[in-house]
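For reference, the structure discussed in these notes is given below.
The structure displayed is predicted, hence computed values, not measured ones.
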Amino acid sequence: CAEKQRSRTMNFIQIANLAGETVAINPLNITSVKTYGNTVVLCLGADTINTNFESLPQAVNFFESVSESFRSSNWREQ
């Protein structure tokens, strides 16, 4: 009986940070999304990105949909 293994590939999406610069992130590395004042902040472990999102719900909805898409396509049986 062959043992099943899972392989994870790295995928990136591009978002705009608060300065209007484009940054590429792996949505599977997001640890939390927070607001500080009027700024929506994306947390990637110890790193943070001040985003251009207008609200926390907008950011959460966007990243939840992207994450679900990546999770279903990133894991495959070998």
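No donor-acceptor pair closer than 3.5 Å links the side chain of T51 to the backbone N or O of L42.
Here the CG-CG distance, from N29 to D47, works out to 9.5 Å after rounding to the nearest 0.5 Å. Atom OG1 of T35 and atom CG of N50 lie 11.5 Å apart (nearest 0.5 Å). Taken from CG in L28 to CG in L44, the straight-line distance is 11.0 Å, to the nearest 0.5 Å.
Here T31 pairs with C43 under the side-chain contact (heavy atoms from CB on, under 4.5 Å) rule; sequence neighbours left out.
V40 and L18 are assigned to two separate hydrophobic clusters, defined by single-linkage of ILVMFWY side chains at heavy-atom distances under 4.5 Å.
A tilted orientation is assigned to the rings of F53 and F62, their planes being inclined by 30° to 60°.
Contact detail for Q14 and T22: the closest heavy-atom pair is OE1-CG2, 3.6 Å. Across all non-hydrogen atoms, the minimal contact from N17 to N52 is O-CB, 3.7 Å.
Applying the 4.5 Å side-chain rule to ILVMFWY residues, one finds Y36 in the same cluster as V41.
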